[in-house]
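This report concerns only the one structure given below.
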Amino acid sequence: MKETTHFGFQEVPVEEKTYRVREVFNSVARRYDLMNDLMSAGLHRLWKRVAIETIAIRPGMQILDLASGTGDLARAMSHRAGPDGHVVLADINDQMLRVGRDRCIDNGELKGLSWCQCDAEMLPYPSESFNRVTIGFGLRNVTDKETALKEMYRVLKPGGKALVLEFSKPISAALSQIYDVYSFSVLPVMGQLVAQDKESYQYLAESIRKHPDQEALATMMRSTGFESVTYQNLTGGVVAIHVGAKA
């Protein structure tokens, strides 16, 4: 059994990573959405819209959104699931969930939503509970990705689909170079100026580089039971959408 794992470019004890990730998101929770808009020039909204279209949400579906954070992906899916559907916003971080719930209250969007603070590696739900399970920009922060994918598979109903929306590997060398300069020179400075937290956004850049690339993640999903695994590159591979089905 592994005794250490990566936290960005650092090697840390396995039991320490969850705590460190929680501290990162405690620090940035209040300015998380603002930073997302600034970092991606608003593109994250388009990426999430494409992701939702990809998994064909229908009225009445039961949906689990892992690493839901402030809940923008979950709220959009709830609109598709309609009054007879239900979306659970799940996250290991209570501060992120509080910000998301406050936003839902402010927008009058509580119907059809519930919140759960839990670990993606140990989901507190019976097997075959959901039609869709999603995780947006969160899998790279999970200590044991394979265990989380197995849990996603377990709680899916037969015929259900899982979606992973995550930063990935640019498909061109030129874009990759530009992306590296932006990630390691611009992003931490932006984090300091806007969120007063350079270190958390340095971790963000590093965590993206440690995440499996498109093919590696597709292989990991197949090895945990998913069938018909596909992926779609967005913005030249800066982001990828992976989808897998449960027979």
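Values in this document were obtained by computation on a predicted structure and should not be read as measured data. Throughout, numbering of the chain's residues begins at 1 and tracks the sequence.
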Q.
Distance alone, cut at 3.5 Å: any donor-acceptor contact between the side chains of H242 and T230?
A. no

Q: Search all heavy atoms of Y179 against all heavy atoms of P170 and return the closest pair with its distance.
A: CD2-CG, 3.6 Å

Q.
Could you tell me if the side chain of I92 sits less than 4.5 Å from the side chain of T18, heavy atoms only?
A. yes

(Q) Same cluster or not: Y201 versus Y203, using hydrophobic residues (I, L, V, M, F, W, Y) connected whenever any side-chain heavy atoms lie under 4.5 Å apart? (A) yes

Q: Evaluate side chain to side chain contact (heavy atoms under 4.5 Å, CB included) for V142 paired with K17, printing each intermediate quantity in order.
A: CA-CA 8 Å; V142 173; K17 180 171 179 177; over 6 Å; no

Q. Is it true that a side-chain atom of E206 and a backbone atom of F9 form a donor plus acceptor pair closer than 3.5 Å?
A. yes

Q.
Would you compute the distance between atom SG of C116 and atom CG of L89 and round it to the nearest 0.5 angstrom?
A. 10.0 Å

Q.
Contact between P13 and E3 at the side-chain level, heavy atoms closer than 4.5 Å - yes or no?
A. no

**Q.** Interatomic distance, L217 atom CG to S168 atom OG [nearest 0.5 angstrom]
**A.** 7.5 Å

Q) Nearest heavy-atom pair of G236 and L175: which atoms, and what distance? A) O-CD2, 3.6 Å

(Q) For residues 146-171, which residue pairs pass the salt bridge (charged side-chain N to carboxylate O under 4.0 Å, His left out) check, not counting sequence neighbours? (A) R140-E166, E151-R154

Q) Do the side chain of E128 and the main chain of V155 share a donor and acceptor less than 3.5 angstrom apart? A) no

Q. Atom CG in L165, atom CG in L234: separation rounded to 0.5 Å?
A. 7.5 Å

Q) Looking at I52 and I57, what are the two nearest heavy atoms and their distance? A) CG2-CD1, 4.1 Å

Q: May I ask you to decide if A74's main-chain N or O and S78's side chain share a donor-acceptor pair within less than 3.5 Å?
A: no

Q.
Test of understanding: clusters of I, L, V, M, F, W, Y form through side-chain heavy atoms closer than 4.5 Å, transitively. Do V229 and V133 belong to the same one?
A. yes

Q: Please report the C-alpha distance between K198 and L193 in whole Å, then the side-chain angles of each, then the deciding distance to 0.1 Å, and finally whether the side chain to side chain contact (heavy atoms under 4.5 Å, CB included) criterion is met.
A: CA-CA 8 Å; K198 179 179 180 180; L193 292 174; over 6 Å; no

Q.
I135 vs D65, test: side chain to side chain contact (heavy atoms under 4.5 Å, CB included). Steps then yes/no.
A. CA-CA 6 Å; I135 183 166; D65 184 38; 5.8 Å; no

Q | T224 side chain vs M221 backbone, donor-acceptor pair below 3.5 Å | A | yes

Q. S200 side chain to D197 main-chain N or O, any donor-acceptor pair under 3.5 Å?
A. no

Q: Pick out which of T134, L123, V87 makes a side chain to side chain contact (heavy atoms under 4.5 Å, CB included) with L64.
A: L123

Q: Report yes or no: do V164 and V88 belong to one cluster of Ile/Leu/Val/Met/Phe/Trp/Tyr joined by side chain heavy-atom distances under 4.5 Å?
A: yes

**Q.** Spatial distance of atom CG (L34) from atom CE (M39) [nearest 0.5 Å]
**A.** 9.5 Å

Q) Is any side-chain heavy atom of N36 less than 4.5 Å from a side-chain heavy atom of K48? A) yes

Q. What pairs of residues pass the ring pair (Phe, Tyr, Trp, His ring centres under 6.0 Å) test when at least one of them lies in residues 87-113, not counting sequence neighbours?
A. none

Q: Over all heavy atoms of both residues, which pair between A90 and C118 is shortest? Give the atoms and the distance, please.
A: CB-SG, 3.8 Å

Q) Do Q196 and Q192 have a side chain donor and acceptor closer than 3.5 Å? A) no

Q: Examine M96 and I105 and state if one hydrophobic cluster contains both, with Ile, Leu, Val, Met, Phe, Trp and Tyr joined whenever side-chain heavy atoms are less than 4.5 Å apart.
A: yes

Q) Judged by modelled atom types alone, do R132 and Q62 share a side-chain donor-acceptor pair under 3.5 Å? A) no

Q. Is the shortest heavy-atom distance from the side chain of I63 to the side chain of H86 under 4.5 Å?
A. no

Q) Any side-chain heavy atom of R209 sitting closer than 4.5 Å to one from D180? A) yes

Q: Determine whether the side chains of D213 and Y231 contain a donor N or O and an acceptor N or O closer than 3.5 Å.
A: no

Q. Transitively linked via ILVMFWY side-chain contacts under 4.5 Å: L73 with L139?
A. no

Q) Under 4.5 Å between any side-chain heavy atoms of E227 and R222, yes or no? A) no

(Q) Per the ring pair (Phe, Tyr, Trp, His ring centres under 6.0 Å) rule, what does the pair list look like for residues 92-131, sequence neighbours excluded? (A) Y125-F130

Q. Is there a donor-acceptor contact under 3.5 Å from the side chain of K246 to the main chain of G160?
A. no

Q.
Considering only residues two or more places apart or on different chains, which pairs with a residue in residues 37-79 satisfy ring pair (Phe, Tyr, Trp, His ring centres under 6.0 Å)?
A. none

Q.
Taking D144's backbone N and O only, do any of them form a donor-acceptor pair with E121's side chain (distance below 3.5 Å, no angle check)?
A. yes

Q) Which pairs, with at least one residue in residues 151-177 and sequence neighbours excluded, count as a ring pair (Phe, Tyr, Trp, His ring centres under 6.0 Å)? A) F137-F167, Y153-F226

Q) Which pair of heavy atoms, one from M152 and one from L163, lies closest together, and at what distance? A) CE-O, 4.1 Å

Q. What's the shortest heavy-atom distance between L113 and C104, and which atoms?
A. CD1-SG, 3.8 Å

Q.
Filter on salt bridge (charged side-chain N to carboxylate O under 4.0 Å, His left out), then keep only pairs touching residues 75-100, sequence neighbours left out; what's left?
A. E53-R80, R75-E109, D94-R98

Q: Could you give me the CA-CA distance, side-chain angles and deciding distance for S40 and R45, then say whether side-chain hydrogen bond (donor to acceptor under 3.5 Å, both in side chains) is met?
A: CA-CA 9 Å; S40 70; R45 299 176 184 272; over 6 Å; no

